[in-house]
Protein chains: 2
Amino acid sequence: MSNDILRKDLQDSGLRATGARLAVLGLLREAPSPLSHGEIAQTLEDSPWSRATLYRNLIDLEKAGLVRRTQLGEPVWRFEDAAKEHGVRSHPHFLCSSCGKMVCLPVIELGVGPVKGINRALSQGRYEIQLRGQCDSCSSRGGKG
Amino acid sequence: MSNDILRKDLQDSGLRATGARLAVLGLLREAPSPLSHGEIAQTLEDSPWSRATLYRNLIDLEKAGLVRRTQLGEPVWRFEDAAKEHGVRSHPHFLCSSCGKMVCLPVIELGVGPVKGINRALSQGRYEIQLRGQCDSCSSRGGKG
DNA sequence: TTTTATAATGCAACAGTGATTCAATTGCAA
DNA sequence: TTGCAATTGAATCACTGTTGCATTATAAAA
């Protein structure tokens with residue numbers, strides 16, 4: 001990705017084309033999958049930019065529409081009675097991204113074919129399924145979906 | 001749930017039956033879905049036990065096999081180029097619970113029937129699908145699956 | 001090229017969750 | 001009842017995310 005293209009895209013979006021932004025946007029454009037702030041900071045650890053700057057640049061890029069930001073799940077551990085028929089792995093859960101409410105779902109058979117690097121988990125069914133979105137009451141009250 | 005049963009189950013598992021453990025285990029046995037440490041601490045905020053004690057009790061209960069512990073997601077935000085064909089919602093991801101590696105999966109049609117409270121998201125397809133388990137290299141190196 | 005307004009940066013600090021250390025206290029078995 | 005190991009609270013640290021403020025750099029105007 002040419003620096004000139006990155007620079008133009010930044011300026012077209014109303015952002016100044018600073019070194020940190022060129023680096024961060026260039027990195028995300030070359031990445032095969034979404035990156036976390038920590039991974040980006042580690043990749044650029046020899047660069048002159050602080051973690052705070054990289055973090056703010058990611059937020060700036062998101063506000064400018066150049067980057068998408070998602071949290072895959074929720075950042076806390078959950079505990080449940082081990083005797084419950086209803087192990088976390090035994091059926092999928094829907095998690096509301098707004099209020100954190102958790103809803104149990106009926107069992108779903110996925111049938112995902114082989115995928116390089118995770119065939120063991122897939123073939124043995126050793127994984128949890130989680131759906132994430134807004135529950136009805138949160139989407140009624142508005143807010144981003 | 002009788003306190004005597006809780007007490008016996010704790011002691012059978014090799015744990016002392018302290019007030020905090022009776023309260024935490026009783027709470028989890030009555031809960032309809034998994035609870036987070038924060039939710040438990042909030043429910044018991046008028047109790048004499050500190051957050052650290054409740055937290056350690058949850059870990060103790062898990063080690064004793066009385067409780068199951070899962071993190072439904074990951075504690076970081078991820079960013080990706082907005083221009084990527086490949087929005088986080090456009091296809092499912094597999095997330096390794098050990099090393100954090102993310103793998104993109106082929107599109108899956110779920111066909112979940114109506115579920116009370118989340119019908120809007122389900123019918124409109126407004127949700128992300130995430131699978132969570134151990135990738136092949138992590139399960140080769142051992143460790144809990 | 002120089003100037004200038006202001007956007008961007010680094011440093012420092014705070015919040016929330018998770019985790020641990022250590023001295024004081026408690027449970028419970030002898 | 002006693003004694004010791006298990007448990008507890010307070011404090012503290014790590015990590016991610018976030019913000020305030022003084023300084024610096026960008027990009028446009030002169």
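Note: hydrogens, waters and symmetry copies are ignored here, and every other heavy atom, side chains too, is used. Reminder, nothing fancy here: chain letters follow the sequence lines and each chain counts from 1.
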**Asked** If you draw a 6.0 Å radius around CD in A:Q42, do more than 12 non-hydrogen atoms from other residues or ligands fall strictly inside?
**Response** no
**Asked** In chain order, what residues pass the side-chain contact (heavy atoms from CB on, under 4.5 Å) check against A:S47, with sequence neighbours excluded?
**Response** A:L44, A:W49
**Complete:** The complete set of ring-ring contact (aromatic ring centres under 6.0 Å, His included) pairs with one or both residues in residues 6-28 of chain B, sequence neighbours excluded, reads none
**Request:** Would you list the pairs meeting ring-ring contact (aromatic ring centres under 6.0 Å, His included) in which at least one residue belongs to residues 10-39 of chain B, sequence neighbours left out?
**Result:** B:H37-B:Y55
What nitrogen or oxygen pairs link the protein and nucleotides 27-30 of chain D at under 3.5 Å?
| residue | atom | partner | partner atom | Å |
| --- | --- | --- | --- | --- |
| D:dA27 | OP1 | A:Q11 | NE2 | 3.1 |
| D:dA27 | OP1 | A:A17 | N | 2.8 |

**Prompt:** What is the distance from CH2 of A:W49 to C1' of C:dA7, rounded to the nearest Å?
**Reply:** 17 Å
**Request:** Report the nucleotide, chosen from C:dG10, C:dT9, D:dT18, that has the shortest atom-to-atom distance to any side-chain atom of A:R69.
**Result:** D:dT18
**Request:** Return no unless some side-chain N or O of B:H37 is found under 4.0 Å from OP1 or OP2 of C:dT17.
**Result:** no
**Euclidean distance, atom NZ of residue B:K8 to atom P of C:dC28 [Å, nearest integer]** = 14 Å
**Message:** Within the 4.5 Å heavy-atom criterion, are A:V67 and A:V24 side-chain neighbours or not?
**Reply:** no
**Asked** So which pairs with a foot in residues 7-30 of chain B pass ring-ring contact (aromatic ring centres under 6.0 Å, His included), sequence neighbours left out?
**Response** none
**Request:** Among D:dT18, C:dG18, C:dT9, find the nucleotide with the atom closest to the side chain of A:R21.
**Result:** C:dT9
**Item:** Residue pairs involving residues 3-22 of chain A (criterion ring-ring contact (aromatic ring centres under 6.0 Å, His included); sequence neighbours excluded)
**Value:** none
**Earlier contact from the 5' end, DNA chain C, for B:R51 and A:L54** = A:L54
**Message:** Under the rule for side-chain contact (heavy atoms from CB on, under 4.5 Å), what residues qualify as partners of B:S13, not counting sequence neighbours?
**Reply:** B:A64, B:L66
**Request:** Flag the pair B:L61 / B:L15 as yes when at least one side-chain heavy-atom distance between them is below 4.5 Å, and no otherwise.
**Result:** yes
**Asked** Which comes earlier along DNA chain C counting from the 5' end, the contact point of B:I59 or that of A:T53, where each point is its nearest nucleotide?
**Response** A:T53
**Asked** Taking the side chain of B:Y55 as its heavy atoms from C-beta onward, which of C:dT9, D:dT8, C:dG18 lies nearest to it?
**Response** C:dG18
**Asked** Residues two or more places apart in sequence or in another chain: which of them pass side-chain hydrogen bond (donor to acceptor under 3.5 Å, both in side chains) with B:S50?
**Response** B:T53
**Nearest-angstrom distance from the residue atom CD of B:E62 to C1' of C:dA19** = 14 Å
**Request:** Specify the separation, in whole Å, of atom CG of A:L35 and atom C1' of D:dT16.
**Result:** 16 Å
**Rounded to 10 degrees, the angle between the two terminal axes of the helix from C:dT1-D:dA30 to C:dA30-D:dT1, each from five pairs** = 10°
Pairs: protein N or O with nucleotides 20-23 of chain D N or O, under 3.5 Å:
| residue | atom | partner | partner atom | Å |
| --- | --- | --- | --- | --- |
| D:dG20 | O6 | A:R56 | NH1 | 3.0 |

**Asked** At under 4.0 Å between heavy atoms, what does A:N57 touch on the DNA or RNA strands: base, sugar-phosphate, or nothing?
**Response** sugar-phosphate
**Pair listing, salt bridge (Lys or Arg N to Asp or Glu O under 4.0 Å) test, anchored in residues 10-28 of chain B, at least two apart** = B:K8-B:D12, B:R21-B:D60
**Message:** In whole Å, I'd like the distance from the CG atom of B:D60 to the P atom of C:dG27.
**Reply:** 16 Å
**Separation of C:dA29 C1' from B:L10 CG (nearest whole Å)** = 17 Å
**Message:** Could you report the tightest heavy-atom contact between B:L58 and B:I40, atom names first, then the distance?
**Reply:** CD2-CD1, 3.7 Å
**Item:** Integer-rounded Å distance: D:dT16 C1' and A:E39 CD
**Value:** 13 Å
